[in-house]
Amino acid sequence: MSVTVTLPDGSNKVLAEGATVYDVAASIGSGLAKAALAGKIDGNAVDLNTLVKEGDQVEIITSKSPEALDILRHSTAHVMAEAMQMVFPGAQIAFGPQTETGFFYDFELDHSASTDDFEAIEAKIAEIVSKDEPFVREIVTRSQAEELFAAQHFKLEHVRELPADAEISVYRHGEFIDLCTGPHLPSAGKIGAFKLMKVAGAYWKGDASREMLQRVYGTAFFTKKDLDTYLFNIEEAEKRDHRKLGRELDIFMMDELAGAGLPLYLPHGARIIRLMQEWLRRELYRRGYEEVITPHIYRAEVWKTSGHYDFYHENMYFFHINEGTEDEPRLSEYAVKPMNCPGHVLLYRNDIHSYRDLPIRYFEFGTVYRHEMSGVVHGLLRARGFTQDDAHVFCRVDQVVDEVVAILDLADIVMKTFGFDYEAEISTRPAKSIGSDEMWEFAESALKEACARRDLAYEINEGDGAFYGPKIDIKVKDAIGRTWQCSTVQVDFNFPERFDLTYRTAENSTERPFMLHRALFGSIERFLGILIEHYAGALPVWLSPIEVRVIPIADRHIEGAQALRARLEAADIRVEVDTDNAPMRVKIAKAQSDKIPYMLVVGDKELADNTVSVRERHEGDLGTQNVDDFIEMMKQYVIR
RNA sequence: GCCAACCUAGCUCAGUUGGUAGAGCAACGCACUCGUAAUGCGUAGGUCAGGGGUUCGAAUCCCCUGGUUGGCUCCA
């Protein structure tokens with residue numbers, strides 16, 4: 001008997017009797033294969049003829065397939081668990097999947113493992129790999145599984161939670177046996193290169209109330225060369241880390257005296273943030289937004305009305321102040337705002353609104369403070385104090401879709417302007433929520449309709465909405481492929497209700513408006529952090545804190561350089577002069593590492609005939625230009 | 001908040017088994033006055049994150065606090 005399988009190139013291949021997927025793989029020049037047939041076969045040395053009928057389509061995965069690396073890494077995780085049990089006798093094993101960049105395995109150990117143990121563990125792994133023993137799949141009954149894992153309480157717990165009809169498969173590798181659905185490499189020798197990366201803590205089943213396990217991260221590749229490339233890329237990514245560049249380019253700093261997650265902006269950083277705001281403010285004014293300014297602190301009553309006092313208490317900064325006398329104290333409680341909504345809601349409530357006034361769009365560059373848990377702060381990307389480009393749109397039911405479309409439109413302009421690709425997600429009603437079914441249904445379909453109207457593809461994030469309404473999130477892809485949540489559009493049923501917001505209809509009745517929250521940058525600081533990494537610090541000219549640096553060749557050219565600076569400043573160009581007593585090429589090198597877009601070299605020649613020698617940071621020497629021509633060229637970078 | 005590691009000059013980092021600190025860059029001074037990615041010489045700079053303990057002696061070992069990093073959890 002023989003079967004026909006389909007190979008990766010689309011051609012068919014007839015399998016001889018008794019062939020295994022690995023025979024197929026070998027015959028097409030690959031050492032790794034996985035045959036998948038309705039989930040019944042995986043990449044082990046299974047005799048295809050026992051499982052595949054004539055005419056079945058069998059997919060063969062070779063080491064060139066995208067899935068292959070996942071399989072390799074998951075197999076490496078097994079080998080690592082095997083090694084860990086030798087280095088740490090009695091280790092309890094939990095789960096060990098592959099990840100985007102490698103794999104991990106969770107353990108419960110008598111003594112904490114640390115990176116100091118990596119050498120010993122890696123040596124064991126290498127030893128196991130060199131033995132090149134096969135991974136063998138077995139199907140077992142539930143009672144067999146319970147017996148096999150009698151000494152592994154996490155595995156045992158997992159076996160007992162498997163549904164009654166589940167097929168239970170285990171993989172043996174040498175002495176090591178693991179509960180696992182597979183697939184795996186044919187044998188451990190296929191692991192070409194591996195490296196343990198770091199240790200971390202992780203809760204069993206991701207549940208903070210369960211055991212804290214030790215998670216060991218590693219990565220693996222088919223070849224040493226691939227591993228080296230990966231490690232090199234990590235180094236490159238570290239070079240563009242916004243925390244490193246933020247310090248090198250004088251953008252922001254942190255001081256432990258100030259407190260965690262509280263960045264201080266140096267002049268360059270402040271400049272960039274103001275440029276971002278200046279640009280956005282113009283776009284918003286053109287689209288019917290009105291800028292407002294609201295307090296940074298409010299009496300606790302505001303937060304009791306909004307619900308934050310109960311729901312968000314542990315993330316807020318509260319303080320008390322004596323508004324009485326020393327003898328007769330009268331304590332008032334205040335909190336620093338963790339969001340801007342209440343201010344805008346109070347502004348709306350200040351007046352009676354007609355249906356004709358809507359939509360009302362209030363925006364604010366609102367700095368908020370959230371006491372994030374100590375373990376989560378991360379440079380500018382997750383800070384405790386940050387500024388949102390926050391806006392709230394109060395509108396009628398018939399305006400919701402149009403408003404959301406307009407917001408998506410603007411989000412698209414923002415992302416294109418800053419050079420980002422993005423993806424959209426719609427988050428729907430969570431288990432714990434307020435509002436009627438009709439409201440949720442209306443809001444969710446309004447968001448979907450808006451996306452459809454803009455031809456914006458989106459994923460659905462089931463049950464991940466806020467308790468007060470559904471939302472569209474826009475995630476930005478940065479230069480190294482990571483995604484960050486930035487823009488958000490949310491429908492809110494909570495605030496209009498709690499603050500009793502109303503408007504008068506054409507029939508002179510009272511109606512409750514819809515309230516949309518929206519932010520485009522999200523947090524300006526987070527957006528800046530992503531920008532810095534995206535451009536490796538070389539921000540677009542229009543956002544560069546210094547656009548031009550004038551470089552006098554010798555000391556006698558400094559005076560002329562200062563005169564040139566004055567001319568450029570008069571044309572609103574952000575310019576400075578390098579007056580250091582250093583050779584010109586040293587000044588050039590300095591300007592390059594400062595990522596200054598344009599360097600203007602001036603010496604005897606230039607000063608004599610009113611020209612500049614222009615050097616662009618990426619293009620290099622552009623030759624000589626008239627000063628007036630250069631000023632004219634720079635006009636394109638003015639925000640207008 | 002949890003797990004682990006880390007904190008030495010402004011920055012990047014050395015500092016062997018405990019014997020009371022070092023380099024490069026930056027800064028400052030002098031010389032050089034230079035044509036597109038780093039000129040030479042010199043000077044100064046540190047309660048080794050802070051506090052407590054062990055010890056004849058602590059950057060080094062132990063404890064506490066703060067901060068940082070990587071994860072987990074969280075992210076109205």
Side-chain angles (χ1 to χ4, degrees), chain A residues 99 104 106-109 112-118 197-217 238 241 243-244 247-248 250 253-262 303 306-308 310-316 337-342 368 370-379 382 430 464-469 471 473 485 488 490 492 494-495 517 522-523 551-558 580-594 599-606 613-617 619-624:
Chain A
T99 65
F104 64 78
D106 288 344
F107 304 97
E108 188 179 55
L109 307 169
S112 292
S114 80
T115 46
D116 296 339
D117 302 309
F118 280 6
M197 303 299 289
K198 58 207 171 194
V199 288
Y203 299 106
W204 167 238
K205 297 203 161 168
D207 183 344
S209 68
R210 297 292 307 265
E211 296 92 326
M212 170 62 75
L213 307 175
Q214 288 236 292
R215 177 168 294 181
V216 181
Y217 282 88
E238 279 169 5
D241 189 307
R243 293 165 299 191
K244 179 178 156 68
R247 185 174 52 241
E248 287 172 0
D250 288 331
M253 54 161 282
M254 303 278 194
D255 192 318
E256 65 176 87
L257 194 59
L262 297 170
W303 306 109
S306 72
H308 291 85
D310 294 324
F311 290 112
Y312 204 53
H313 198 276
E314 60 180 21
N315 282 316
M316 292 173 63
K337 66 177 170 184
M339 47 202 58
N340 302 296
C341 329
V368 297
R370 299 181 183 177
H371 190 260
E372 302 287 359
M373 283 196 292
S374 60
V376 305
V377 295
H378 178 94
R382 189 95 185 255
D464 209 36
F467 79 88
Y468 54 71
K471 57 179 181 173
D473 286 329
Q485 204 231 290
T488 182
Q490 312 183 354
D492 188 342
N494 184 46
F495 267 96
H517 300 252
S523 141
I551 297 177
I553 289 180
D555 285 357
R556 66 176 178 280
H557 306 122
I558 288 179
D580 268 12
N581 179 13
M584 179 257 253
R585 65 181 184 287
V586 173
K587 294 180 190 175
I588 298 255
K590 184 78 174 45
Q592 285 289 151
S593 60
D594 289 344
M599 289 151 261
L600 300 185
V601 178
V602 291
D604 291 333
K605 227 170 24 186
E606 289 79 6
S613 174
V614 182
R615 183 189 165 97
E616 200 272 341
R617 63 187 165 190
E619 307 290 322
D621 192 349
L622 298 181
T624 308

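As a basis for the values below, the full set of heavy atoms in this structure was taken, side chains included, without hydrogen atoms, waters or symmetry mates. Letters go in sequence order (proteins before strands), and every chain restarts at 1. What you see is a predicted model; the values in this text were computed from it and never measured.
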Interatomic distance, [X] [atom1] vs [N] [atom2] [rounded to whole Å]:
X	N	atom1	atom2	answer
A:L109	B:C3	CG	P	14 Å
A:Q485	B:C74	CD	P	16 Å
A:M373	B:C2	CE	P	10 Å
A:L600	B:G35	CG	C1'	14 Å
A:R215	B:C72	CZ	P	6 Å
A:M599	B:A37	CE	P	9 Å
A:L213	B:C72	CG	C1'	10 Å
A:I551	B:A38	CD1	P	13 Å

[N] and [M]: how far apart are their [atom1] atoms, nearest whole angstrom?
N	M	atom1	answer
B:U12	B:A27	C1'	16 Å
B:A59	B:C3	C1'	26 Å
B:C56	B:U20	C1'	13 Å
B:A21	B:A14	C1'	11 Å
B:A26	B:U43	C1'	14 Å
B:C11	B:C64	C1'	30 Å
B:U69	B:A49	C1'	15 Å
B:A4	B:C75	P	24 Å

(message) Please determine whether a side-chain nitrogen or oxygen atom of A:H371 lies at a distance below 4.0 Å from atom OP1 or OP2 of B:G1.
(response)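 No, no such contact exists.
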(message) Can you see if the side chain of A:R243 gets near the phosphate of B:U68 - specifically, an N or O under 4.0 Å from OP1 or OP2?
(response)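 For B:U68, neither OP1 nor OP2 has a side-chain N or O of A:R243 closer than 4.0 Å.
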Are any of the side-chain heavy atoms of [X] and [Y] separated by less than 4.5 Å?
X	Y	result
A:R247	A:M253	no
A:S523	A:R382	no
A:Y312	A:M339	yes
A:M599	A:Q592	yes
A:T624	A:V614	no
A:V601	A:I588	yes
A:E314	A:M373	no
A:P342	A:K337	no

(message) Assess whether a salt bridge exists between A:D604 and A:R556, defined as any Lys/Arg side-chain N lying under 4.0 Å from an Asp/Glu carboxylate O.
(response)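 Judged by the 4.0 Å cut-off on N to carboxylate O distance, A:D604 and A:R556 do form a salt bridge.
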(message) Whether A:K205 and A:D207 form a salt bridge (side-chain N of Lys/Arg under 4.0 Å from carboxylate O of Asp/Glu) is what I want to check.
(response)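 Result for this pair is no, no salt bridge flagged.
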(request) With RNA chain B as reference, determine whether A:R370 or A:E248 sits nearer its 5' end, using the nearest nucleotide of each. (result)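 It is A:E248 whose nearest nucleotide is closer to the 5' end.
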(message) On RNA chain B, does the nearest nucleotide to A:G307 precede the nearest nucleotide to A:G259 from the 5' side, or the other way round? Give the residue.
(response)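 Mapping each residue to its closest nucleotide by heavy atoms, the 5'-most match is A:G259.
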Within the 4.0 Å heavy-atom criterion, would you say [X] contacts the bases, only the backbone, or no part of the nucleic acid?
X	result
A:Y217	sugar-phosphate
A:K587	nothing
A:G261	sugar-phosphate
A:H308	base
A:M339	sugar-phosphate
A:R382	base
A:E606	base
A:G206	sugar-phosphate
A:Y203	base
A:S593	base

hbond_proxy [X] side chain to [N] base (donor-acceptor, 3.5 Å cutoff):
X	N	result
A:Q214	B:G71	no
A:R615	B:A37	yes
A:R210	B:C2	no

(request) Would you please classify the geometry between the A:W303 ring and the A:H308 ring as parallel, tilted or perpendicular, with 30° and 60° separating the classes? (result)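 Perpendicular, since the angle between the ring planes exceeds 60°.
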(request) Treat primed atoms plus P, OP1 and OP2 as sugar-phosphate and everything else as base, then score nucleotides 26-34 of chain B 5' to 3': B for base contact with protein heavy atoms under 4.0 Å, S for sugar-phosphate contact only, - for none. (result) -----BBBB
(request) Look only at the side chain of A:K244 and the backbone of A:E238, and say whether a donor-acceptor pair between them is shorter than 3.5 Å. (result)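 Not confirmed, A:K244 side chain does not pair with A:E238 backbone.
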Could you work out which one of [options] sits closest to the side chain of [X]?
X	options	answer
A:V377	B:G70, B:U68, B:U73	B:U68
A:A260	B:C72, B:G67, B:C74	B:G67
A:V586	B:C72, B:A38, B:G70	B:A38

(request) Mind checking side chain to side chain contact (heavy atoms under 4.5 Å, CB included) for A:H371 and listing every partner two or more places apart, or none if nothing turns up? (result)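 Listed in chain order: A:Y317, A:R384.
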(message) Take N1-N3 plus N6-O4 or O6-N4 for Watson-Crick, N1-O2 plus O6-N3 for G-U, both under 3.5 Å. Which runs of 3 or more such pairs involve RNA chain B?
(response)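 Correct response: B:1-7 with B:66-72, B:10-13 with B:22-25, B:27-31 with B:39-43, B:49-53 with B:61-65.
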